[in-house]
Every structure is written in C-alpha cells, then in structure tokens.
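The structure under discussion appears below in the form of structure tokens.
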Number of protein chains: 2
Amino acid sequence: MFSQTVEYALRAIVYLASKSPQACTTDQIAAATQVPKPYLSKVLQNLGRNDIVRSQRGIGGGVMLVKTPAELTILEVVNAVEPIERIETCPLGLKSHGRHLCPLHRRMDDALASVESAFGSTTLAEVLNEPTSSPPLCEPAASLRKKVSGKVV
Amino acid sequence: MFSQTVEYALRAIVYLASKSPQACTTDQIAAATQVPKPYLSKVLQNLGRNDIVRSQRGIGGGVMLVKTPAELTILEVVNAVEPIERIETCPLGLKSHGRHLCPLHRRMDDALASVESAFGSTTLAEVLNEPTSSPPLCEPAASLRKKVSGKVV
DNA sequence: GTTAAATTGGATATTGACGTCCTGTTTTGT
DNA sequence: ACAAAACAGGACGTCAATATCCAATTTAAC
C-alpha cells in the first residue's frame, strides 16, 4: 500500500534525523538504509524540491534536514514524495452527491484520514526517541560504523 | 493510496450487492459503475478466481456474489484484488530485529492495521443500508434504470 | 588553479498497472 | 441445430514507478 519510494524516503529521513543537524552524503545514507544509491539520489532530489532537505555540493557537502526532527512529521515526508490523496468528491462524478460522499467512498476516505492523522501526529523525534530494543535502521548492539565504507563518522 | 483496480472492484461489488442475489451482466455493471468494460471483465475474472463472485455463461447469465452482502466485508474484496501487505518483519532484513519492528515500521504497520481493521469490520450490507442522502453509485432521486441500455430490470 | 568530492540533471532500461481487442467457449431460446 | 447472449482467456499497447548510468556543475582543500 505504501510505495517503495515512500519507504525509501522515510528510511533516508530517519537516518538524516538521527544525524541531524549534520549533513550526510548520499553514499552514507545509501549504505545505512540499504537503498540503491542511484535511485536514492533521485528521491533526495525530490525531497529537496519539496523543502524537506537541503543539499550542499562539493567536498564536505551532503544532505541535511531543513527542520529539526522534532518539527518534522512523517506525513510531511510522505506527502513530499507521494501525497496522500483524500477523496474529496464522488469519483463517479455524480453531480448530486457534491461534497457528500456515498457510504463506500466515505469509508475509503475515513481509512485515508486515519493514516493521514497517524502520520501527521508523529514527528521524527518521536520515532528516534522511542524506547525500543530495535533502533531504526541499525542493529541494536553493533554499531554500523564499520559498514559505512570503512569511514568512521 | 488505493489502486484504481481496488476502486473498480469495490464499485462492482457494491453494485452486485445492491442486486444480490441476482446475477448481473458485465455490461450492466460497467454502465452503472462507470468502469471501462474490457477492464472490468478482467477485474471480475480475478474476483471469480478468489471466490468473491461466481459467473454464469450464456443468455441470462452474468456475475453474482458468492456470499450475501451481510457476510462479505470490504476487506475480503480488497484482499482479493490487491492484498493489504502488513509489515511482518524488518524490511531491511536486520536479523536482530526479528519480529520486533523498529519505531518507523511499527508506525507504518499500525497505519496498515487500522485500514485493515476498518475494512474488515464493514460489510457490504452496512454500506448499502446506511441512511444517507448519497446512495452508492447512483443519483439520489433518479433511478439508473433508464441508463442501463434501455433494459428495465 | 588544480584536483577530488559531491550533488544535479538527462537519457535510458525494466517492470507492473491499466486498458483494449479478438477469438473461443458455454448456455439459453427458438 | 442454430443463433444470440454472455463470460474466459490470450495477445497486445501504453504509461508511470522503479532503477541505472553518465556527463555537467558546484565546492572545498591543497
């Protein structure tokens, strides 16, 4: 139900949030999130155009969050790469229904609303700070440092 | 977020439920639901293979629901054409996470679960019987009969 | 200034979703 | 038996999502 692109974008943002406000290179993010690097760069470009991340070219450059993890919600990220399209009007174009959805589309839109609400009320900070035995993107005990192209960060 | 195919399948099933236990032709359903007829026939074939509908060839034949509208949930229809895939294990394949999802995927799966739950607890009968000013698939006042290829049913 | 690091953008596969069309098969009514 | 109604299935076309690759551009460090 969620596209691969959404999954990739969220992984990248979670990683960036964990490093925030530091900038990270596409290589770093790709290694940590297991997203194909060439495609990740497209996803990050997209996130850049939608003002979720900011990028800096050249040596020492990379990508960083525009907002703080506490200010950024999952919904903003999802809507940047693949907007959740609520059902506003009757998909059959029945004029008389107007803004009033039929019971079927009412329920479909309710489902969309619940997803939107859940994602909109969760910040990246909440995701990162939640006490858990499974920290996002990494093995609980072992650090990922060794895996990141031998470069210790 | 919901595919076109899911939308089409649900429209067709709602229509069939409204005529249940009568059989309807693909032409009838296509006209009432505004789904392209050739594609609708594929969707209905699919619903047939998944035992949601049963079809009868020849004159007077058509497609009908296998269950009664009261026994059939929206979820069953959705899962027949495009199963809601819950996130069971860590998409990054982190062994140590095992069945325990990280906070990010926990929240994504929670969203899926809420959709699954909402769809699973709603029967077609409930959709049809809900008091509303916008009955499913048709204009509130005018009947659709005149539109259905001139054949009064 | 030159070089190396890093993103940007364009061009190009590949795959599945969406959609169409045609032929074959089953069934009913005459 | 024949004709018409109706679904079944395969072949095909189109387009967007996914993914890759390469050349161009920016930037920091020496």
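Numbered from 1 within each chain, the chains take letters A, B, ... in sequence-line order. Every heavy atom of this structure was used, including side-chain atoms; hydrogens, water molecules and symmetry mates were not.
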To the nearest Å, give me how far apart CZ (A:Arg49) and P (C:dT8) are. 8 Å
Rounded distance in Å - CZ (B:Arg54) to C1' (C:dT27): 13 Å
Would you mind classifying the nucleic acid contact of B:Ser41 as base, sugar-phosphate or nothing, using non-hydrogen atoms under 4.0 angstrom? nothing
Which part of the nucleic acid, if any, lies within contact of B:Pro36, taking any heavy atom under 4.0 Å across all strands shown: a base, the sugar-phosphate backbone alone, or nothing? sugar-phosphate
Side-chain ion pair, A:Glu76 and A:Lys67, N-O less than 4.0 Å: yes
Give one of base, sugar-phosphate or nothing for B:Gly62, where a contact means two heavy atoms less than 4.0 Å apart. sugar-phosphate
Remember a base hit wins even if backbone is also touched, and classify B:Lys42 as base, sugar-phosphate or nothing at under 4.0 Å, heavy atoms. base
Is B:Arg54 reaching over with its side chain to a backbone N or O of B:Met64, donor-acceptor style, under 3.5 angstrom? no
Taking only side-chain nitrogens and oxygens of A:Gln45, does any of them come within less than 4.0 Å of OP1 or OP2 of C:dG9? yes
Between A:Thr26 and B:Lys37, which has a closest nucleotide on DNA chain C that is more 5'? A:Thr26
Within less than 4.0 Å of OP1 or OP2 of D:dA8, is there a side-chain N or O belonging to B:Ser55? yes
Would you kindly give the CD-to-P distance between B:Gln56 and C:dG29, to the nearest whole Å? 11 Å
Note: for A:Tyr8 and A:Gly60 on DNA chain D, the residue whose nearest nucleotide lies more 5' is A:Tyr8
Atom-pair distance (CD on B:Gln34; C1' on C:dG19), nearest Å: 17 Å
Rounded to the Å, how far apart are B:Phe2 CZ and C:dA17 P? 17 Å
Separation of B:Tyr39 atom OH from D:dC7 atom P, in whole Å? 18 Å
Euclidean distance, atom CD of residue A:Gln4 to atom C1' of C:dG16 [Å, nearest integer]: 13 Å
CZ of A:Arg11 versus P of D:dT18: gap in Å, rounded? 13 Å
Is the ring pair B:Phe2/B:Phe119 parallel, tilted or perpendicular, if the boundaries are 30 and 60 degrees? tilted
